[in-house]
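Take a look at the structure set out below.
Order of appearance sets the numbers: ligands from 1, and atoms from 1 within every ligand. Every value quoted in this text rests on a predicted model; they were computed, and no experiment measured them.
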Amino acid sequence: MDDPAGTLQPLRQRVCAARHIVVLTGAGMSAESGIPTFRDALTGMWANVDPMQLASEAGFRANPARVWAWYAERRHGVRAAQPNAGHRALGDFARRLPGRLTVVTQNVDDLHQRAGNTDAIRLHGDILQDRWLDSCPRTMRGSTCDTAFAEPGDPPICAECGNRVRPGVVWFGEALPLDALTAAEQAADACDLMLVVGTSGAVWPAAGLAARARHAGAHVAIVNPEPSDIDADAHQLVRGTAAGVLPPLFAA
Ligand code: BJW
């Protein structure tokens, strides 16, 4: 969408006039980079699987090899992907006008960072990082889990105590990183414009940030080709894709 009819013009004027903009992104932000969303009916990663089997601690403990393999495949996809025109528009804007834009993302890929939003707030972790599954059971004895090995296809484990390595993402039922959530809430409270891009608004507490920003006085616009669960929290709905809508909105 390069907006020949000028339908984006009023929102572009808000972008130009805003003192501080928050862009809250979800999986749709990276869809045009070739990374599948979760809940889209035909193409989403969860179209045919139970999310709790793949994105919960219980699911990992029940079948670590299956979950590890799913994440390994996704990591491969993330490394192979490139930021799309939407990511680049936000990165260019931040470089041009430092301090005017905060990107808050639910995405676990690194495409915002690679596009130039190096300080993007990550609510749901980082798929390219690992961490130990359990708090280290060896700490009391003065050492820590630090030696990992793995059978092919299995997640690495501590050679001494069997503690497993897991992906560094936030699964259902787990707390979001407190520093990231606090920073996102503060940004939502302080911004005068929030754009919500490519999220179904199905997952909390991220989904609550739009209503929070609106309550604090911001203009809220949702960019999504489809309806989302939080459309009622927005002043404005823009039916388009991230790579189509963001470049004309954030152009120099
Ligand atoms: C395009 C496009 C294009 C397509 N351009 N757009 C309050 C009420 C009810 C439930 C809860 C609540 N508070 C907490 C809960 C429970 C739960 C929750 O929200 N459940 C709901 C499902 C009901 N939340 C949690 O468990 C959270 N933890 C928590 O609250 O802990 C409390 C606690 C406190 C203290 C101690 C302990 C606990 C954690 C949530 C973690 C979410 N994790 C996942 C997986 C991450 C790892 C991984 O990647 O594998 O995060 S789930 C998954 O959903 C992923 C995403 O970040 C997240 C959101 O999905 P997203 O981004 O919206 O994607 P989709 O697929 O849903 O939507 C894509 C959209 O893009 C669609 O709308 C398309 O139309 C659009 N689109 N192409 C623009 N080109």
Part of T241 within contact of ligand 1 (heavy atoms, under 4.0 Å): both
Any donor-acceptor N/O pair, T105 side chain to N107 backbone, under 3.5 Å: yes
Top protein contact for atom 36 (C) of ligand 1, by heavy-atom distance: A175 CB, 3.6 Å
Which segment of T199 sits under 4.0 Å of ligand 1 when only heavy atoms are counted: both
Per-residue contact class, Q106 against ligand 1 - non-hydrogen pairs under 4.0 Å: both
Test item, A202 contacting ligand 1 (heavy atom, 4.0 angstrom): yes
Residue-ligand contact T25/ligand 1, heavy atom below 4.0 Å: no
contact_flag V197 ligand 1 heavy-atom lt 4.0 Å: no
Sub-4.5 Å side-chain heavy-atom contact between I222 and S228: yes
Per-atom contacts of ligand 1 with A27, taking only distances under 4.0 Å to non-hydrogen atoms: 61 (P), 62 (O), 64 (O)
Non-hydrogen protein atom less than 4.0 angstrom from atom 10 (C) of ligand 1: no
Atoms in ligand 1 flagged as close to R74, the criterion being non-hydrogen separation under 4.0 Å: 48 (C), 49 (O), 50 (O)
Ligand 1 contact by M29, heavy-atom criterion under 4.0 angstrom: no
For atom 76 (C) of ligand 1, closest protein heavy-atom neighbour: N224 OD1, 3.4 Å
Qualifying residue for side-chain contact (heavy atoms from CB on, under 4.5 Å) with V197, from L90, V223, V103: V223
Nearest option to atom 74 (C) of ligand 1, as decided by whichever heavy atom of I35, D126, D40, V108 sits closest: D40
Top protein contact for atom 56 (C) of ligand 1, by heavy-atom distance: F38 CE1, 3.5 Å
Q106 and R122 side chains, donor-acceptor separation under 3.5 Å: no
Heavy-atom donor-acceptor pair, R212 side chain to A188 backbone, under 3.5 Å: no
Which of the ligand 1 atoms, numbered from 1, are nearer than 4.0 Å to a heavy atom of V169: 47 (C)
Interatomic spacing from CZ in F60 to OH in Y71 - rounded to 0.5 Å: 9.5 Å
Atom NE2 of H215: over 12 foreign heavy atoms under 6.0 Å: no
Proximal ligand 1 atoms for E32, defined as those under 4.0 Å from one of its heavy atoms: 3 (C), 5 (N), 80 (N)
G173 to ligand 1, any heavy atom closer than 4.0 Å: yes
Residue G26 vicinity, atoms of ligand 1 by number, heavy atom under 4.0 Å: 62 (O)
Protein heavy atom at shortest distance from atom 19 (O) of ligand 1: W204 N, 2.7 Å
A207, G28, A31: member with heavy atom nearest to atom 77 (N) of ligand 1: G28
For ligand 1, the portion of R39 having any non-hydrogen atom under 4.0 Å away: both
